[in-house]
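After the structure tokens below, expect a handful of questions from me.
Computed from heavy atoms alone, side chains included, the values below leave out hydrogens, waters and symmetry copies. Note that the numbering runs from 1 along the sequence shown for the chain. Keep in mind that what you see is a predicted model, and the values were worked out from it rather than measured.
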Amino acid sequence: MTELKCPSCGGKFTPDSKNPNIEFCSQCSKTYTFQKIHSEDTGEAKLCLTPVPDRIAYQPLEKKEPKKTGWEPYGWKRGVALVILFFVLMGIMYGPKIYARYQMDHGGGAAQVQQQQEGQEKP
């Protein structure tokens with residue numbers, strides 16, 4: 001049986017005590033896996049040497065909350081306030097005109113003044 005040597009440095013392999021399919025080089029500390037591959041055509045078994053990648057230090061990302069402006073809890077209140085403000089401004093702008101028109105249509109203030117003027121002219 002032939003002794004396998006490390007392809008990186010030519011050192012001796014030492015078997016891993018936890019996993020018999022893994023061996024590591026005692027000189028360069030690289031880890032390799034060994035697999036026996038049987039060829040159906042020739043009936044021979046080949047030994048496949050595969051390097052084991054180094055472990056990646058994985059740290060999960062922390063979930064960032066969206067930046068808050070301070071208005072989020074008051075969203076519906078702000079909407080209601082804007083609607084009320086709209087009606088107040090419309091009342092200030094068009095209120096006197098609407099009231100005068102209402103008085104004219106229903107015989108209010110302007111109609112009474114007109115009747116009084118007509119009454120003073122007749123005698």
Side-chain angles (χ1 to χ4, degrees):
M1 184 171 198
T2 309
E3 185 176 322
L4 292 174
K5 293 189 178 188
C6 177
S8 299
C9 66
K12 275 182 103 176
F13 283 120
T14 308
D16 188 8
S17 60
K18 296 177 185 175
N19 190 343
N21 294 330
I22 295 178
E23 295 196 21
F24 61 94
C25 178
S26 57
Q27 290 181 358
C28 66
S29 300
K30 290 194 176 185
T31 309
Y32 293 92
T33 59
F34 290 96
Q35 292 179 335
K36 285 185 181 178
I37 299 174
H38 294 283
S39 175
E40 292 181 16
D41 296 335
T42 60
E44 295 178 2
K46 286 186 176 180
L47 193 59
C48 181
L49 180 67
T50 310
V52 176
D54 294 333
R55 292 197 68 139
I56 298 172
Y58 171 75
Q59 293 180 355
L61 293 175
E62 291 182 20
K63 203 177 224 184
K64 292 182 180 178
E65 290 188 26
K67 187 176 180 182
K68 293 188 177 183
T69 60
W71 282 99
E72 286 81 10
Y74 305 107
W76 68 272
K77 293 178 185 176
R78 184 173 34 171
V80 169
L82 287 174
V83 169
I84 291 171
L85 179 65
F86 172 76
F87 283 111
V88 167
L89 289 175
M90 292 296 113
I92 290 171
M93 290 171 47
Y94 298 109
K97 294 177 186 176
I98 293 172
Y99 183 69
R101 178 64 186 227
Y102 175 79
Q103 290 295 329
M104 281 183 5
D105 290 346
H106 295 289
Q112 289 175 357
V113 170
Q114 215 173 28
Q115 287 176 356
Q116 286 176 0
Q117 288 175 354
E118 289 174 7
Q120 291 175 356
E121 293 175 2
K122 286 185 183 180

Other ILVMFWY residues reachable from Leu89 by side-chain steps of under 4.5 Å:
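Leu85, which link up through side-chain heavy atoms under 4.5 Å apart, make up the rest of the cluster.
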Could you tell me which non-hydrogen atom of Pro96 sits nearest to which non-hydrogen atom of Gly91, and how far apart they are?
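What the structure gives for the nearest pair is CD-O, 4.1 Å.
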With clusters built from Ile, Leu, Val, Met, Phe, Trp and Tyr whose side-chain heavy atoms come within less than 4.5 Å, directly or transitively, what are the remaining members of the cluster of Ile98, listed by chain and number?
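Ile98 shares its hydrophobic cluster with Val83, Phe86, Phe87, Met90, Met93, Tyr94.
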Are any non-hydrogen side-chain atoms of Thr33 and Asn21 less than 4.5 angstrom apart?
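Not in contact.
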Got a second to check how far Glu23's CD is from Thr14's OG1, nearest 0.5 Å?
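Rounded to the nearest 0.5 Å, the CD-OG1 separation comes to 7.5 Å.
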Could you give the distance from CZ (Phe13) to CD (Gln27), rounded to the nearest 0.5 Å?
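Spacing of CZ (Phe13) from CD (Gln27) equals 10.5 Å.
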Show the nearest heavy-atom pair for residues Gly11 and Cys25, with the distance to one decimal.
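Distance-wise, the nearest heavy atoms are CA-SG, 4.0 Å.
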Just to verify, what does Phe24 make a ring-ring contact (aromatic ring centres under 6.0 Å, His included) with, not counting sequence neighbours?
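Result, ring-ring contact (aromatic ring centres under 6.0 Å, His included) vs Phe24: none returned.
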